[in-house]
Amino acid sequence: MIKKKECVAMLLAGGQGSRLYLLTQRVAKPAVSFGSKYRIIDFTLSNCINSGIDTVGVLTQYQPLALNEYIGNGQPWDLDRTFGGVMVLPPYQGQKRADWYKGTANAIYQNLHFLDKYDPDYVVVLSGDHIYKMDYSAMVDYHKRMGAACTIAVIDVPLSEASRFGIMNTDENMQVYEFEEKPKNPKSTLASMGVYVFSKAELYKYLIADEADENSDKDFGKNVIPAMLGAGEKLFAYPFKGYWKDVGTINSLWEANMDLLGDRPALNLNNGNWRIFARHSSNPPHFLGYGAQVENSLITGGCEIYGTVINSVLSSGVKVAKGAVVKDSVIMKDCVISENARVEYSIMDSDTVVGVNAIVGEPKEDGKGIALVGFGLNIKAGTKVPGGAMVDEAFLASLEEGKEEA
């Protein structure tokens, strides 16, 4: 006999995240570091367990190794269950064929057997690359009250930004009558958050029909939701009032990290009633040396600070030497900022060393943009990296060639 779960979550975590450039060359976007000691996926996984959803399928595809290793058995999120818990679901080879996930809808379709195991009444479809705290159980209750086939979480965005999102047009009861994908002239400002609740029967019906359509992109926003609307299904928008950010670009990732700072941060992680859980390594406490100066910054275990850190977010194991300055920057784990070096308005991937007297980035107010520094680089002493640069091995080699020619 099949044991039942009322609700199962399916977390889409297979995206490449190409707009994060160097940060996603080695890992999928949900595995990118965030907020000093987290990964982006920690927020969605934590939302699930805090919402009472203890069965989560994580659909991976692009660069899955780091993400699979990080999730492990789900213990940090209390998702190591005998029946349920977290299960990583990569594409696989069946008896007749092997397919990559061709779109968000196809990814769920290929894992209907996972859902069958739990026979849920409701399926919550989530994205693994957003930063927010949300009670999915309240959304499921709303879905039940409305008698909906599908409920879509929406957030009110400025009209000037609405063209970047899928927009839900609703009546006075929040029932959706039209969906517009990135409209040039949006009729409303209710943007889809990529969080869906489906009644199981309707989800299966439309996924199976979508899979049979050779012209479909196999996507929820482009295909499944419009098909449900066209068939007269009851779709409702669920308004969300809290903090939410899609960290799919370098600018938005930097902004979301900065939103953790200040006396009244836009995103407050110090709420004991809604904790964000993560898998942590065993690091010693952070250390501030004599003369170190730290202002409005997040610094976590294993950091050693002897210089100056202002308005920045530092991950574990970062070392800032005497005379060095880090300002308006996000520094990922185990980076070294050497003596008298300066890092401004930058995002730096893990294991990079900034040499003595080197300068990376330029002041934010200069308007040159965020300097993005890749993984495991050695920026030589005295090197100057301009604001807005995309720093990899080839970029550093070009700087060296320029010095030789001069």
Side-chain angles (χ1 to χ4, degrees), residues 9 11-13 15 17 20 23-24 26-58 60 63-81 85-88 126-136 242-247 252-254 256-261 265-286 297-303 312-318 330-335 347-351 375:
L11 199 167
L12 298 162
L20 290 180
L23 299 181
T24 51
R26 299 167 48 255
V27 300
K29 182 162 59 168
V32 170
S33 296
F34 176 82
S36 188
K37 63 177 186 177
Y38 302 100
R39 306 275 184 122
I40 294 172
I41 199 172
D42 287 330
F43 288 80
T44 310
L45 289 175
S46 298
N47 286 340
C48 285
I49 198 63
N50 287 332
S51 301
I53 298 174
D54 64 5
T55 305
V56 185
V58 180
T60 63
Q63 294 282 24
L65 179 60
L67 191 60
N68 295 357
E69 183 181 50
Y70 182 74
I71 293 171
N73 68 351
Q75 186 273 332
W77 307 272
D78 193 25
L79 288 170
D80 51 337
R81 305 298 178 98
V86 66
M87 177 71 71
V88 175
L126 305 165
S127 173
D129 50 15
H130 298 154
I131 301 296
Y132 65 121
K133 297 193 288 185
M134 181 179 182
D135 186 352
Y136 302 137
Y243 179 96
W244 177 85
K245 189 176 283 286
D246 181 346
V247 288
S252 62
L253 180 64
W254 183 89
N257 274 279
M258 295 301 113
D259 284 342
L260 300 173
L261 304 180
L267 177 59
N268 185 1
L269 299 183
N270 295 320
N271 183 349
N273 296 324
W274 201 271
R275 289 182 59 192
I276 303 301
F277 303 96
R279 186 178 296 280
H280 301 305
S281 55
S282 298
N283 289 307
H286 67 267
S297 297
L298 284 182
I299 296 173
T300 193
C303 289
S312 295
V313 175
L314 274 57
S315 295
S316 62
V318 172
V330 177
I331 311 296
M332 298 180 185
K333 69 177 186 175
D334 297 327
C335 290
I347 296 179
M348 185 174 294
D349 205 351
S350 305
D351 292 319
F375 169 83

Check your understanding: Are Leu67 and Val27 side-chain neighbours, meaning at least one heavy-atom pair lies under 4.5 Å?
Key -> no
Review point. Side chains of Leu23 and Ile347: closer than 4.5 Å at any heavy-atom pair?
Key: yes
Show me, pair by pair, the donor-acceptor contacts under 3.5 angstrom made by side chains of residues 68-76, not counting sequence neighbours?
unit_1, atom_1, unit_2, atom_2, d
Tyr70, OH, Asp42, OD1, 2.9
Tyr70, OH, Asp42, OD2, 2.8
Tyr70, OH, Arg279, N, 3.1
Asn73, OD1, Gln75, N, 3.0

Check your understanding: Are any of the side-chain heavy atoms of Phe277 and Ile49 separated by less than 4.5 Å?
Key -> yes
Review point. Any idea which heavy atoms bring Ser316 and Asn283 closest together, and the distance?
Key: CB-ND2, 3.3 Å
Exercise for review: Measure the spacing between OG of Ser312 and CD1 of Ile299 and express it to the nearest 0.5 Å.
Suggested key: 8.5 Å
Check your understanding: Can you find a pair of side-chain heavy atoms, one from Leu314 and one from Thr300, that are under 4.5 Å apart?
Key -> no
Revision key, fill the gap. Rounded to the nearest 0.5 Å, the CG atom of Leu45 sits from the CG atom of Asp78 at a distance of 12.0 Å
Check your understanding: Within a strict 4.5 Å, meaning less than it, do heavy atoms of the Asn268 and Trp274 side chains meet?
Key -> no
Point to revise | For Phe43, the option from Trp77, Trp244, Tyr132, Phe34 that meets ring-ring contact (aromatic ring centres under 6.0 Å, His included) | key: Phe34
Check your understanding: Does Asp54 reach the main-chain N or O of Gly85 with its side chain, forming a donor-acceptor pair under 3.5 Å?
Key -> no
Check your understanding: Does a side-chain heavy-atom distance below 4.5 Å link Lys133 with Asn271?
Key -> yes
Check your understanding: Which value, rounded to the nearest 0.5 Å, describes the distance between Thr44 atom OG1 and Met134 atom CE?
Key -> 11.0 Å
Point to revise | Any Cys48 side-chain heavy atom under 4.5 Å of Leu126 side chain | key: yes
Check your understanding: Should the heavy atoms of other residues, nucleotides or ligands under 6.0 Å from CZ of Arg275 be counted, would the total exceed 12?
Key -> no
Check your understanding: Do Ile131 and Tyr38 have side chains that get closer than 4.5 Å, going by heavy atoms?
Key -> no
Practice item. Locate the shortest heavy-atom distance separating Ala266 from Tyr243; write the atom from each residue and the value. Key: O-CD1, 3.7 Å
